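Before any comments, here is the structure.
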Amino acid sequence: MAGFYDNFLDDTHRAIRANAKKFADKEIAPHAYDWEEAGIFDRALYARAAKAGVLGIGFPEDVGGEGGGALHTLMNIEGMMQGGSTGVTVGLGSLGIALPAIVRSENQDLIDRFVRPTLRGEMIASLAVTEPNTGSDVAGVRTRAVREGDTYIVDGAKMFITSGTRADLLVTLCRTGENPHGGLSFLAIPSDTPGVHCEAPLRKTGWWASDTASLHFEGVRVPAKNLIGPEGSGFYAVMQNFQMERLALAGYGYVTAEIAYEHAKQYAKDREAFGRPIGKFQVIRHKLVEMATQVTTAKTLAYQVAAAIDRGEMPITEVSMAKNVCADAAMSVTYDAVQIFGGMGYMRENYVERLSRDARLLHIGGGTTEIMKEIISRNIL
Ligand SMILES: Cc1cc2nc3c(=O)[nH]c(=O)nc-3n(C[C@H](O)[C@H](O)[C@H](O)COP(=O)(O)OP(=O)(O)OC[C@H]3O[C@@H](n4cnc5c(N)ncnc54)[C@H](O)[C@@H]3O)c2cc1C
């Protein structure tokens, strides 16, 4: 398939993927197993990632990022995932969903205090939207921010927050008014503000090396200058955020499928049963054909959507389709890859085993498969 994707890629895309792979090979791969088992990775990795130029891909250079667009972001994910840990990649990547609302607000004070240090790898940033009682229904957010003079007093709870157990910055969606959609606002809340509490990291099916938090806010006093964008603009900001988050999750989907397929293909050549490589059995060969077809289909759609975004379009329907197609590919291909590995596919030191667990989240995070279908149906009917 060499060259098949060339019409999408130029030298900058290839350079970003190669650079991310170099970083992942050196800084992630030697530790991937231990960090996955520990449920956390070395905090110093943020600074190393920033120095290597893999942290700020997709963020403008004038806010401290590396520049690049949607397709560059996918290339970065492709390279980083070669390190052997989805958890580390998504953990480092939580800034990718936390910072855009601040960047879009063009508030130089917030950009200087939060965006630049995060992109330098000095701070960890999380996006806190989901709550114990509401996820898909963003307009159901109850965490309340009540204005008193120059301060907001925040009370409530957030759930499933990636990197949240050690984030320095919580970009938190709060209810500032009664209107379900127009009454939501984002606040930049430093996690060391009195009244911010974090419970023990949540234990998950996959993404082990990325910590996931349950947070509580009790009378948390946040300066009004930490309001991101105009009051009441939070729901719109979440919806804008979702497009790139969903494209990135589509990226995780096809990359997960592709890596599992490549590992399984190699194993089918190497592993012998009944006196021949298992790849010589037609049932295994055809399984690999199905896997290759799903990878190609998913990846092509994700590239196409990313290229459209980079042309300035906002293909909301196709972003949702890509997320679902890529999540399906990840689930199906990792299932078959585990099968091809047999018993070795069930062992925790095997990246394919890890990927088969990591894949499950792709149908849930960033908007579930059912919500994607609701969006698509609204746009096609
Ligand atoms: C590992 C992990 C990391 C995460 N990281 C973050 C993070 O960093 N920040 C953050 O804010 N959130 C995060 N989330 C939360 C994630 O975005 C939500 O879990 C997701 O949006 C689903 O919300 P929910 O869990 O409340 O499910 P619910 O919304 O309660 O949905 C439950 C079920 O009902 C279905 N459903 C709901 N509404 C409809 C409908 N209208 N039509 C049809 N079916 C429907 C859903 O599809 C699902 O199957 C994370 C979650 C996980 C598991």
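Counting starts at 1 for both ligands and their atoms, in listed order. Note that this is a predicted model, so its numbers are computed, not measured. Position 1 is the first residue of the sequence, and the numbers go up from there.
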Looking at side-chain heavy atoms only, is the closest gap between Thr212 and Ser210 below 4.5 Å?
yes

Does Lys158 approach ligand 1 within less than 4.0 angstrom via side chain, backbone, both or neither, non-hydrogen atoms only?
neither

Cluster question for you: counting only ILVMFWY and a side-chain heavy-atom cut-off of under 4.5 Å, with indirect links fine, are Phe186 and Leu170 together?
no

Taking atom 50 (C) of ligand 1 as the reference point, the nearest protein heavy atom with its distance
Phe160 O, 3.2 Å

Could you tell me if the side chain of Leu9 sits less than 4.5 Å from the side chain of Leu71, heavy atoms only?
yes

Report the C-alpha distance between Lys299 and Tyr5 in whole Å, list the side-chain angles of each, state the deciding distance to 0.1 Å, and finish with yes or no for side-chain contact (heavy atoms from CB on, under 4.5 Å).
CA-CA 9 Å; Lys299 186 168 168 175; Tyr5 301 102; 3.6 Å; yes

Can you establish whether the number of heavy atoms outside Arg221 located under 6.0 Å from its atom CZ is more than 12?
no

Taking the basic N atoms (NZ, or NE/NH1/NH2) and the acidic carboxylate oxygens, is any pair closer than 4.0 Å for Asp168 and Arg43?
yes

Should the pair Asp11-Arg14 be classified as a salt bridge under the 4.0 Å nitrogen-to-oxygen rule?
yes

What atoms in ligand 1 come closer than 4.0 Å to a heavy atom of Lys204?
1 (C)

Quick one: does atom 31 (O) of ligand 1 have a protein heavy atom under 4.0 Å from it?
yes

Answer yes if the side chains of Asp10 and His13 hold a donor-acceptor pair under 3.5 Å, and no otherwise.
yes

Below the 3.5 angstrom mark, is there an N/O of Val129, backbone or side chain, next to an N/O of ligand 1?
yes

Can you confirm whether some protein heavy atom lies under 4.0 Å from atom 34 (O) of ligand 1, or whether none does?
no

Taking distance alone, with no angle check, do Thr134 and ligand 1 share an N/O pair under 3.5 Å?
no

Please confirm whether Thr162 comes within less than 3.5 Å of ligand 1 when only nitrogen or oxygen atoms on both sides are compared.
yes

Among the heavy atoms of Gly366, does any lie under 4.0 Å from an atom of ligand 1?
yes

Thr212 to ligand 1: N or O pair under 3.5 Å?
no

Would you confirm whether any non-hydrogen atom of the protein falls under 4.0 Å from atom 46 (C) of ligand 1?
yes

Ligand 1 and Ile97, any nitrogen or oxygen pair closer than 3.5 angstrom?
no

Heavy atoms only: which of Glu245, Lys373, Glu370 is nearest to atom 44 (N) of ligand 1?
Glu370

Considering only NZ, NE, NH1 and NH2 on the basic side and carboxylate oxygens on the acidic side, decide whether Glu37 and Arg348 come within less than 4.0 Å.
yes

Membership question, hydrophobic clusters at under 4.5 Å side-chain separation (ILVMFWY): are Tyr254 and Leu355 in the same one?
yes

Using distance alone, determine whether Leu127 and ligand 1 share an N or O pair under 3.5 Å.
yes

Where ligand 1 meets Ile371 - atom numbers and elements under 4.0 angstrom, heavy-atom basis:
38 (N), 39 (C), 40 (C), 41 (N)

Should you measure from each heavy atom of Ile161, which atoms of ligand 1 turn up under 4.0 Å away?
7 (C), 8 (O), 9 (N), 10 (C), 11 (O)

Quick one: does ligand 1 sit under 4.0 Å from the side chain of Thr369, the backbone, both or neither, non-hydrogen atoms only?
neither

State whether Glu131 and Arg142 are salt-bridged, where the test is any N-O pair (Lys NZ or Arg NE/NH1/NH2 against Asp/Glu carboxylate O) under 4.0 Å.
no

Tell me, which protein residue and heavy-atom name are nearest atom 16 (C) of ligand 1, and how many Å apart are they?
Thr130 OG1, 3.9 Å

Salt-bridge contact Glu272-Arg276 (side-chain N to carboxylate O under 4.0 Å)
no

Give the residue, atom name and distance (to 0.1 Å) of the protein heavy atom nearest atom 2 (C) of ligand 1.
Leu361 CD2, 3.9 Å

Would Asp137 count as a polar contact of ligand 1, with the cut-off being nitrogen or oxygen pairs under 3.5 Å?
no

If we set the cut-off at 4.0 Å for heavy atoms, which region of Thr368 has an atom near ligand 1: side chain, backbone, both, or neither?
side chain

Nearest protein heavy atom to atom 20 (C) of ligand 1, by residue and atom, and its distance?
Ile364 O, 3.5 Å

Strictly distance-based, threshold 3.5 Å: is any side-chain N or O of Asp211 a donor or acceptor partner for the main-chain N or O of Ile40?
no

Taking distance alone, with no angle check, do Gly365 and ligand 1 share an N/O pair under 3.5 Å?
no

Which protein heavy atom lies closest to atom 24 (P) of ligand 1, and at what distance to 0.1 Å?
Gly135 CA, 3.9 Å

Protein contact to atom 27 (O) of ligand 1 [nearest heavy atom, distance to 0.1 Å]:
Ser136 OG, 4.1 Å

Evaluate the 4.0 Å heavy atom contact test for atom 7 (C) of ligand 1: does a protein atom fall under the cut-off?
yes

Check step by step if side-chain contact (heavy atoms from CB on, under 4.5 Å) holds for Thr193 and Phe217.
CA-CA 10 Å; Thr193 313; Phe217 301 87; over 6 Å; no

Angle between ring planes, Trp207 versus Tyr252, binned at 30° and 60°: parallel, tilted or perpendicular?
tilted

Around atom 42 (N) of ligand 1, find the nearest protein heavy atom and jot down its residue, atom name and distance.
Glu374 CG, 4.0 Å

Apply side-chain contact (heavy atoms from CB on, under 4.5 Å) to Leu45 and Phe23, showing your working.
CA-CA 10 Å; Leu45 194 66; Phe23 174 81; 3.8 Å; yes

